[in-house]
Amino acid sequence: MRNLAQSSLPARAATGLAKGATLSSRRSAAASFLSLVLVGVLALFITSCSGKDPQDTLSSVGEVAKKQQELFWIIFAWAALVFVLVQGLLLFILFRFRRRSENEMPAQTHGNTRLEIAWTLAPVVILVSVAIPTVASIFDLAKEHDVSMQVKVIGHQWWWEFQYPGLGVVTANELHLPVGEVVAFDLQSADVIHSFWVPKLAGKQDVVPGRSNPLTIKVDEPGTFLGQCAELCGIQHAQMKFRVVVQEKAQFDQWVKDQRTPVQPPGDPAMVKGSLIVQQKCSACHTIQGLAGAVGKVGPTLTHIGGRGTIAAGVLNNTPENLARWIRDPQEVKRGALMPNLGLTEDEIQAVVPYLLSLK
Amino acid sequence: MQHAHPAAHAPEHETTTGLDHRKLLMWAFLGSDCLLFGALISTYMIYRGRSLAGPFPNGPEGVFDIPFTSVSAFVLLMSSLTMVLALAASQRGHIRGMRVWLIATALLGTVFLGGQFFEFTAFVAEGLTPATNVFGTSFFTLTGFHGAHVTLGVIILLSLVVVSLRGGLPKEESLTVEIAGLYWHFVDIVWIVIFTLVYLIPAPLPPHAG
Amino acid sequence: MAVPAEHHRAHPGPGEYIKIAVILAVITLVEVAVYYVPSLSGALTPILMVLSTIKFSMVVLWFMHLKFDSVLFSYLFVGGLGIAGAVLIALLFLFGASHTIVPGAA
Amino acid sequence: MATITGSMVGVLRRPTSHYGVWSWMTTVDHKRIGVLYGVTSFIFFLIGGVEALVLRLQLAFPDGKVVDPEVFNQLFTMHATTMVFLVIMPLSAAFFNFLIPLQIGARDVAFPRLNAFSYWVFVAGGVFINSSFLFGGAPNAGWFGYANLTSRAFNAGSGVDFWALGLLGLGTASLAASFNFIVTILNMRAPGMTMMRMPLFTWMTLVVAFLLIFAMPIIAVALIQLELDRSPLATNFFNPANGGDPILWQHLFWLFGHPEVYILILPAMGIVSEVLPTFARKPLFGYPAVVFAGVFIGFMGWGVWAHHMFTVGLGPVANSVFAVTTMFIAVPTGIKIFNWIATLWGGSLKFTTAMLFSIGFISMFIIGGLSGLTHASPPTDYQQQDTYYIVAHFHYVLFGGSILALFSGFYFWWPKGTGKLLDEGLGKLNFWLMIIGMNLTFGPMHILGLNGMPRRIYTYPSGMGWEFWNLIETAGSLVIALSVLVFIINVVRTSRNGKEAGPDPWDGRTLEWSIPSPPPEYNFATVPVVQGRDAFWIEKYGLHGGEGAHHAAPPSHTAGSGNGDGHAIHMPQGSYLPMVTAFGQTLMLAGVIFGYWLSGVGLVIMLGGVYAWCSEPVSD
């Protein structure tokens, strides 16, 4: 068997091409399908770069995400090249070597060492040219930059807590960052594994109980960016979202100042009623700085909840109607959320909502 | 086209490699079982020095009793000797000798198990349970799995004795003893590893402990 | 390795088994002794690793007859043993190198 | 004990019939077990498929209301668990069982009853896991079951227990089968069948069996640790409050999980490596390279597991190491693909349905491999991890790869198993619907992933740019469903009035085509003597075959001189005991959920089964 003559592929390719010119125009079904796939897949990729969508990883804004995107395109280019070459070759073969008569018996080629070495080495070359920028990028991203601010992120089922240790600010589900500054995140979890991800700003990093994971983000233009948990963390994993508001330095400083101001006792008697109900019903789980007794740590802080864009971890826009709906029956909005139905009367709800929204 | 003559493949135990099916299976199983203990030992080693509260394995608050464990490790080691002696007897057709050595091996295995039971009881008395800390968690699981292997081994050995008493284990069947022996020796070498890694090499104390 | 499966060497007899067992017993004694010698505590881990490797190999080679039996058995066993060892080393490296543990957190 | 089992054996008289349900339930014939594996796992394929359809319906539109979030989590967990453990693995096992003895020229496997035991444990395990839907809810923590979401504190129901215990049971099935096939392949080859003459499918089976026996114990340990954590012993393996580390679970899971990926794909590669040469009328190009590439992929599978964990925070060094080893896997994979393509080059390609599926495999697998390259690089993976991009990637590998190849195998070996050809017209319709459906379903997932859509979310709002492609995917999934329906119609129709296949409908190359279809119980009336690779091809066309040497009447092993009529060949008798033992083992596992007394009952049944098994002669 080993004595069989080994025909050389290039030689056969040449004859194949020569014959190809006189082939009938009927293409095999498989070949036409594969060309369809080839064009289709490339077209799909190109249409995916529209850039308007809020979590598009290919229209990055943050510095880290931009570096990751650059690397993606390098690797994608290699992949696309290989894709076109190999699928093209496959198509050609299917077309060229289809069986024309039931009696034909092709040359019994068993192998070709030189060719096989060639197509072992070719991928190695490509892989090396992918591996080098990969490793460089891994270490570049892991480098300690000139950090100007620290933020501690604590993942909870199913909301995010953000602590600014240097600034004495604690907030939830809405992260404010100053433009152009390098922010170092310290990611921790209060319960199960989550993953912190703002696609336009940086790739994700897992949030693991018992560990503390680092992540750096730097954004050079202001804007509001969406993020969400990327690791399955239970029934409401899908609804564990947050927003990142990147502001000019002055606006950011103003926000910090507002956040540090404790809640003032309300003057309006309608508001007093709301504050009393909140004190009674909410304070075991929620903190409101300045409201006596409201020091609970189970749920997100409600100090300045009126200033946030969304409630229930990015699920609902923060409007009076939505807040009322949420308080009326959290389980209807977010099945499985740890906030129970408090059984407030409609009257009480109408008192609580304006009070909470007044906390800006 | 040739065909093998029907008579040429008559003996049932003739195999491609010339090796017995069951013995091949046993070695493949032992290779596989390496990974079982590999994962258990890895877990123990990863959690070394990561317990948040005592009791710890060694040091002033340590629960390990090295002289005691050394004796039981020695007992298990010697059971490997009695096991090969049983095999040697079986291969030479000394059926009664084989039974004696098999019983001796099972007995030594039982002594080892008794020691392990005593050790577990003592640890629990000192406040170490599987729930106490990650040392307790990984220690009891690892040594418990080993103990389960020994128990199964003892059952196999005693079954062989019973089979032999019914005349089912003549000289020609010594391969059965050999295969059982492979399993038994494997259980012994696992303990050689555990004895060194778990007992003799002291674990670092957690930085914030005691 | 070149020994064909059918012609592997005969297993040793009881005399050789007992000799091996005596060596094993002595090594075990040395192991425990080393454990109690304070001046050796720095080198305790490497000494114990070497000694127990010898014990391990002797049981496998003589009592389990790998020295005498078909090399195929050795492949099967060493395959599993090798992967298990590599996994252990890799995991110890991974957990040793990277953990930023927050004790008692969560 | 002895008397109990003794009387039990007396009650369960040794089955003697060769027909009817009981003969199937007690069979130890590898071909029948293969058929049982195939039918059972195809039923699970339909169940897992329906689960996928519900998931796709939920996600067809923003704010879907088809199922509630808890059910959604259960469905995607069960979809993946089913497809991996109850479909692709056992479907591969169906081919192992049916084909291996035929391909190596053996009359049976080394341990026929152990083989039956594997099957029954698999059935029991599959039913057990799925029964969780009836007992308070299916597992809901993903097929990867990441700790500590699986701990009692965060997952009080018993779904996770069904999952962990069920997988332990299925693990026994895989282990028993793997030991069996390792011994069978090493030890029961026909004279002249050297290792380097074995069919590629047999080689890949051997590699997979080794991967299984080394990988299964690791996941078994992890699952046991999980169950101990959840048990009254309250261990702390994955409990961070007491020093445990949930990341340990991830390491152990992926130490198993990555070899598992190759366990799922290597049999497919083996099938393709049989189909392509047959319909190209050429030997596999570079056989040794393809074999070694397969072995090397299996070996490398142990050094890449942490690429599933790039975002966990292992540090730059570990991430770099695992990135490089992962990329390196592309080399042997590339070797295989190029060798397949070179097999086609210069061949005489006949586009049967089996061939189309195999070509589809190559094409789709290339896409899956290339998208894999983009997340072998950690910095890009930080964006792609846990998004639909990953879902796209592994569906191109597992559906475009494994499932297409398995369908190729159905169409290829169906005539061998049943004696009847599947209809080629319906087969081609099946192929085109399936390949169009899968590209519609999984292609857009690349875009959604890059567009920031995470996996495992039961809902998404409008305005994210995800609506259009999600709808297309759902439509695509219905096309896949249609293609499976066409397959079923094909099976039903041809079983009634299909064309007779004859022993060698495809001008086959390997020994299974030298015997009648379906093969007799003893497979080979006379044991063949193998002269080289593609043993049957050589028999037909001579050692230097091809090039005009076209024999009209191939020799067959159906009849011959001597005792070639097969009547004198004794095959092992059927047995109830594998089933009894498997039942006992499953009860033992179920007892962990339903009460330890049940475990006791199970243990007694199992020990009784083993005891009777050991004392039962191979045939009376």
Side-chain angles (χ1 to χ4, degrees), chain A residues 1 4 9 12 28 30 34 37 44 48 53-58 68 71-72 75-76 79 82-83 86 90 93 97-99 104-111 116 119-120 123-124 127 131 134-135 137-139 141-142 192-193 199 203-206 209-210 213 230-232 234-235 237-238 335, chain D residues 68-70 142 146 148-149 154 240 245-246 281-283 285-286 289 311-313 316 319-320 323-324 327 330-331 334-335 338 341 344-351 356 359 363 366 370 373-374 377-380 382-383 386 443 447 450-452 454 456-459 464-465 532 543 546-547:
Chain A
M1 190 157 69
L4 266 181
L9 275 185
R12 293 184 59 81
S28 79
L34 281 173
V37 172
L44 291 183
S48 74
D53 298 326
Q55 289 188 184
D56 189 3
T57 64
L58 297 180
Q68 290 164 341
L71 187 62
F72 172 78
I75 302 174
F76 180 79
V82 175
F83 177 83
V86 180
L90 186 58
I93 291 173
F97 294 105
R98 67 186 189 279
R99 188 173 298 179
E104 69 185 6
M105 181 59 69
Q108 300 292 297
T109 334
H110 287 270
E116 288 175 58
W119 65 54
T120 308
V124 172
L127 291 172
T134 291
V135 174
S137 173
I138 293 172
F139 281 92
L141 293 177
V192 300
I193 300 177
K204 61 190 71 64
Q205 183 72 53
D206 290 357
N213 272 341
E231 184 67 84
L232 177 66
I235 184 170
H237 162 59
R335 168 87 68 93
Chain D
D68 78 15
E70 172 60 26
Y146 271 10
N148 53 340
L149 187 60
F154 299 108
D245 193 341
R281 278 197 176 149
K282 265 181 78 208
F285 193 89
T311 62
V312 157
N319 275 0
S320 300
V324 171
M327 290 178 187
V331 176
I335 291 175
F338 285 123
I341 291 178
L344 299 178
W345 183 281
S348 166
L349 309 182
K350 183 173 184 180
F351 297 106
L356 288 177
I359 293 168
S363 183
I366 290 171
L370 290 173
L373 183 64
T374 60
S377 175
T380 54
Y382 296 153
Q383 287 286 22
D386 280 319
I447 297 168
L450 292 174
N451 206 351
R456 303 173 187 128
I457 55 170
Y458 72 90
T459 187
M464 304 296 286
L543 210 50
E547 313 283 9

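Chain letters run A, B, ... following the sequence lines, proteins first, then strands; residues in each count from 1.
Interface remark: D:Phe154 contributes side-chain atoms only to the contact with chain A (heavy atom separation under 4.5 Å). Looking at D:Val312, both its backbone and its side chain come within 4.5 Å of chain A, counting heavy atoms on both sides. Looking at A:Ala142, the atoms closer than 4.5 Å to chain D (heavy atoms on both sides) all sit in the side chain, from C-beta outward. Heavy-atom distances place the side chain of D:Asp68, and not its backbone, under 4.5 Å from chain A. Looking at A:Leu141, only its side chain comes within 4.5 Å of chain D, counting heavy atoms on both sides.
The candidate with the highest count of non-hydrogen atom pairs below 4.5 Å against chain A, out of D:Ala289, D:Pro316, D:Pro454, is D:Pro316. Interface remark: of the candidates A:Ile93, A:Val135, A:Val124, A:Ile93 forms the most heavy-atom pairs closer than 4.5 Å to chain D. In terms of heavy-atom pairs under 4.5 Å with chain A, the best-connected choice from D:Leu370, D:Ile366, D:Ile335 is D:Leu370.
For A:Glu116, there are no side chain to side chain donor-acceptor pair (under 3.5 Å) partners, not counting sequence neighbours. By the side-chain contact (heavy atoms from CB on, under 4.5 Å) test, A:Glu231 pairs with A:Ile193, A:Ser195, A:Asp206, D:Phe144, D:Tyr146, D:Asp386, D:Arg456, sequence neighbours left out.
Note that CG of A:Leu71 and CD1 of A:Ile138 are 9.0 Å apart. Values are rounded to the nearest 0.5 Å.
In this model, a donor atom of one side chain and an acceptor atom of the other lie less than 3.5 Å apart for A:Glu104 and D:Ser348.
Contact between A:Thr134 and D:Ala323 at its shortest, heavy atoms only, is CG2-CB, 4.3 Å.
In this structure, the side chain of A:Gln68 engages the main chain of A:Gly203 through a donor-acceptor pair within 3.5 Å.
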